[in-house]
Participant: 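Take this structure first; my questions come after.
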Amino acid sequence: MARWQVGLSYDLRAPDGSISWGDIGIDQLEAAGIDWSFLQPDDGVLTAELVAGYDAVLFAAPAVTEATVARADRPALLARFGVGLDSVDLEACTAAGVAVTITPDGARRAVATAALTLILALEQQVLAKDRLVRQGRWQDRMSFMGRGLTGRTVGVLGLGSIAHELFHLLAPFDTVNLATDPYREVEEAAARGVQLVDLETLMRESDIVVVAASLTAGTRHLIDRRLLSLMRPQAVLINVARGAIVDTIALAEALAAGQIRGAGLDVFETEPLPTDHPLVALHNVVLSPHALAWTDEMALGNGSSAIRAILAVRAGRVPAHLANPAVAASPLFALRPDQVTT
Ligand SMILES: NC(=O)c1ccc[n+]([C@@H]2O[C@H](COP(=O)([O-])OP(=O)(O)OC[C@H]3O[C@@H](n4cnc5c(N)ncnc54)[C@H](O)[C@@H]3O)[C@@H](O)[C@H]2O)c1
């Protein structure tokens with residue numbers, strides 16, 4: 001059998017030619033006798049020409065369209081370094097017999113930690129207190145009392161992998177845990193200490209609202225002006241999922257009017273966020289450039305998960321964390337010559 005060839009999308013390449021994320025566990029590929037190289041630069045989309053001839057492609061930012069998988073020499077597997085799939089045409093991949101995997105096991109701890117960081121930064125008033133020291137205003141510190149987390153109500157939109165990990169990290173604070181998710185069962189949530197409620201109840205009753213749902217047609221601008229108006233004046237909103245789930249203009253207005261106390265945002269409707277955006281001028285928000293979860297822990301976690309998927313497909317097995325499980329039944333997937341010979 002010819003040695004497997006794995007392509008890494010160009011956004012994973014540092015200017016010096018190394019892997020931009022550092023240690024993603026690439027030695028596991030090398031140890032398995034698999035060759036890897038960076039794809040040529042893309043314009044935000046993986047074209048058929050870029051991925052042609054590779055057995056698998058490990059990719060982070062570029063989009064996957066119907067055209068990506070249109071050629072006969074397409075990869076067997078597109079392994080996403082991360083979990084968001086809003087820029088991947090899953091249906092086209094399934095139709096072409098191309099498996100798509102994600103790395104929820106690598107991302108969940110890092111993203112949940114990012115959410116917790118934003119919560120604590122807001123509740124402890126970290127940015128305001130940092131400014132007091134820099135400005136020599138120690139006498140004003142009584143005006144910036146923090147809020148303890150213990151016993152607070154945390155409501156998460158989207159009771160998925162990240163939400164569960166966040167509730168796990170919050171356990172020592174004895175928070176009251178609420179979630180809204182139409183695709184989860186009440187009993188399943190209750191067994192893990194989470195009460196499933198409708199979205200209005202979540203917005204009304206939470207001290208901390210965390211957005212952790214996937215971006216779909218159903219969640220785009222789901223948190224709109226009306227729902228924001230239901231939040232408690234002392235409540236804060238955290239978004240570590242996708243910016244477009246929240247109406248950003250309505251959020252900026254609610255924050256500017258003091259209708260809610262603060263927001264912690266790792267993601268935005270438009271990225272990069274323009275520096276003249278109304279959110280940037282506000283002091284009651286903590287902002288991060290969609291990178292708060294980017295740690296060595298996430299690099300190795302995501303990389304190792306994607307590499308496990310590559311090794312599984314090379315061995316003719318159905319990989320874990322398959323985003324398009326229907327592909328496993330596709331004759332186009334099962335009959336790849338490389339797999340038949342293993
Ligand atoms: N900030 C980052 O760096 C970063 C990193 C990884 C993931 N993310 C984002 O976080 C999201 C969640 O990740 P995850 O691993 O927990 O995914 P997941 O698939 O495990 O969870 C997403 C949850 O959203 C729920 N959902 C779908 N539609 C909903 C709706 N209308 N209302 C309420 N809930 C709804 C789903 O049922 C699911 O339980 C990803 O889709 C991705 O966009 C961000």
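Counting convention: from 1, in listed order, for ligands and their atoms alike.
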Participant: Which residue from Ser161, Ser288, Ser214 reaches closest to atom 24 (O) of ligand 1 through any of its heavy atoms?
Facilitator: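 Among Ser161, Ser288, Ser214, the closest heavy atom to atom 24 (O) of ligand 1 comes from Ser214.
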Participant: Specify the protein heavy atom at minimum distance from atom 31 (N) of ligand 1: its residue, its atom name, and the distance to 0.1 Å.
Facilitator: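 I find the closest protein heavy atom is Thr219 CG2, 3.3 Å.
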Participant: Give the residue, atom name and distance (to 0.1 Å) of the protein heavy atom nearest atom 11 (C) of ligand 1.
Facilitator: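 Nearest neighbour among protein heavy atoms for atom 11 (C) of ligand 1, to 0.1 Å: Ala213 O, 3.7 Å.
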Participant: Which of these, Gly243, Ala112, Gly158, Gly82, has its nearest heavy atom closest to atom 34 (N) of ligand 1?
Facilitator: Gly158
Participant: Answer whether the closest heavy-atom distance between the side chains of Thr117 and Leu292 falls below 4.5 Å.
Facilitator: yes
Participant: With heavy-atom distances below 4.0 Å as the criterion, list the atoms of ligand 1 near Leu157.
Facilitator: 32 (N), 33 (C)
Participant: Counting only N and O atoms by type, is there a donor-acceptor contact under 3.5 Å from the side chain of Asp224 to the main-chain atoms of Asp247?
Facilitator: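 Looks like no, no N/O pair under 3.5 Å.
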Participant: How would you list, by chain and number, every residue that makes a salt bridge (Lys or Arg N to Asp or Glu O under 4.0 Å) with Asp105, sequence neighbours excluded?
Facilitator: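 With sequence neighbours excluded, Asp105 shows a salt bridge (Lys or Arg N to Asp or Glu O under 4.0 Å) to Arg308, given in chain and number order.
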Participant: Any donor-acceptor pair under 3.5 Å linking the side chain of Arg137 with the backbone of Leu132?
Facilitator: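 Not at all, since once roles are kept as given, no pair shorter than 3.5 Å links the two residues.
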Participant: Nearest protein heavy-atom contact for atom 5 (C) of ligand 1: which residue, which atom, what distance?
Facilitator: Val111 CG2, 3.3 Å
Participant: Taking Phe59 as the fixed residue, which of Leu39, Leu50, Thr68, Val88 is the one that meets the side-chain contact (heavy atoms from CB on, under 4.5 Å) rule?
Facilitator: Val88
Participant: Could you walk me through whether Leu222 and Leu199 pass the side chain to side chain contact (heavy atoms under 4.5 Å, CB included) test, one step at a time?
Facilitator: CA-CA 10 Å; Leu222 184 59; Leu199 187 50; 3.7 Å; yes
Participant: Please classify the Leu292 to ligand 1 contact at 4.0 Å (heavy-atom distances, strictly less than): side chain, backbone, both or neither.
Facilitator: neither
Participant: Are the aromatic rings of Phe81 and Trp21 close, with centres under 6.0 Å apart?
Facilitator: yes
Participant: Out of Ala244, Ala212, Gly218, Ala241, indicate the one that has the non-hydrogen atom closest to atom 12 (C) of ligand 1.
Facilitator: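 Of the listed residues, Ala212 has the closest heavy atom.
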Participant: With heavy atoms only and a cut-off of under 4.0 Å, state how Leu85 meets ligand 1: side chain, backbone, both or neither.
Facilitator: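 The answer is neither.
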Participant: Provide the closest heavy-atom pair for Ala76 versus Val313 in the form atom of the first, atom of the second, distance.
Facilitator: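 In terms of heavy atoms, the two residues are closest at CB-CG1, 4.2 Å.
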Participant: Determine if the distance from atom 15 (O) of ligand 1 to the closest protein heavy atom is below 4.0 Å.
Facilitator: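 At least one protein heavy atom is under 4.0 Å away.
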Participant: Within the structure, does Val240 bring an N/O atom to less than 3.5 angstrom of an N/O atom in ligand 1?
Facilitator: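 Val240 vs ligand 1: N/O contact under 3.5 Å present.
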Participant: For atom 21 (O) of ligand 1, find the nearest protein heavy atom and state the residue, atom name and distance (0.1 Å precision).
Facilitator: Gly160 CA, 3.2 Å
Participant: Going by the atom numbers of ligand 1, which of them fall below 4.0 Å from some non-hydrogen atom of Thr180?
Facilitator: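 Near Thr180, the atoms of ligand 1 are 33 (C), 34 (N).
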Participant: Hey, could you give me each pair passing side-chain hydrogen bond (donor to acceptor under 3.5 Å, both in side chains) that has a residue in residues 83-100? Not counting sequence neighbours.
Facilitator: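 side-chain hydrogen bond (donor to acceptor under 3.5 Å, both in side chains) check on residues 83-100 returns Asp86-Arg242, Thr94-Asn324.
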Participant: Would Asp266 count as being in polar contact with ligand 1, using the rule that some N or O on each side must be under 3.5 angstrom apart?
Facilitator: yes
Participant: Check ligand 1 against Val83 and write out every atom of the ligand that is under 4.0 Å from a heavy-atom position of the residue.
Facilitator: 6 (C), 7 (C), 13 (O), 15 (O), 40 (C)
Participant: If you take the nearest heavy atom of each of Asp181, Val156, Thr103, which one is closest to atom 37 (O) of ligand 1?
Facilitator: Asp181
Participant: Strictly under 4.0 Å, does any heavy atom of Arg242 approach an atom of ligand 1?
Facilitator: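 Right, Arg242 reaches ligand 1.
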Participant: Report the nearest protein non-hydrogen atom to atom 13 (O) of ligand 1: residue, atom name, distance rounded to 0.1 Å.
Facilitator: Ile162 CD1, 3.2 Å
Participant: Can you report which non-hydrogen protein atom sits closest to atom 28 (N) of ligand 1, along with the distance?
Facilitator: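 Going atom by atom, the protein heavy atom closest to atom 28 (N) of ligand 1 ends up being Tyr183 CE1, 3.4 Å.
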Participant: May I ask whether atom 19 (O) of ligand 1 is less than 4.0 Å from at least one protein heavy atom?
Facilitator: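 No, there is none.
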Participant: At less than 4.0 angstrom from any non-hydrogen atom of Arg184, what atoms of ligand 1 do you find?
Facilitator: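 Going through ligand 1 atom by atom, the ones under 4.0 Å from Arg184 are 38 (C), 39 (O).
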Participant: Just wondering, do Val154 and Leu170 contact through their side chains at under 4.5 Å, heavy atoms?
Facilitator: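 SC-SC contact between Leu170 and Val154 confirmed.
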Participant: Check Arg192 with Glu187, please: is the shortest side-chain N to carboxylate O separation under 4.0 Å?
Facilitator: no
Participant: Under 4.0 Å from any heavy atom of His290, which atoms of ligand 1 are there?
Facilitator: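 Answer for ligand 1: 1 (N), 2 (C), 3 (O).
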Participant: How far is atom 32 (N) of ligand 1 from the closest protein heavy atom, and which atom is that?
Facilitator: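 So the nearest neighbour among protein heavy atoms is Pro182 CD, 3.3 Å.
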Participant: Is the shortest side-chain heavy-atom distance between Met203 and Val209 below 4.5 Å?
Facilitator: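 Of all side-chain heavy-atom pairs linking Val209 with Met203, at least one is under 4.5 Å.
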Participant: Do the side chains of Glu123 and Arg152 get close enough for a salt bridge, i.e. N-O under 4.0 angstrom?
Facilitator: no
Participant: For residues Met231 and Arg204, determine if any side-chain heavy atom of one lies less than 4.5 Å from a side-chain heavy atom of the other.
Facilitator: no
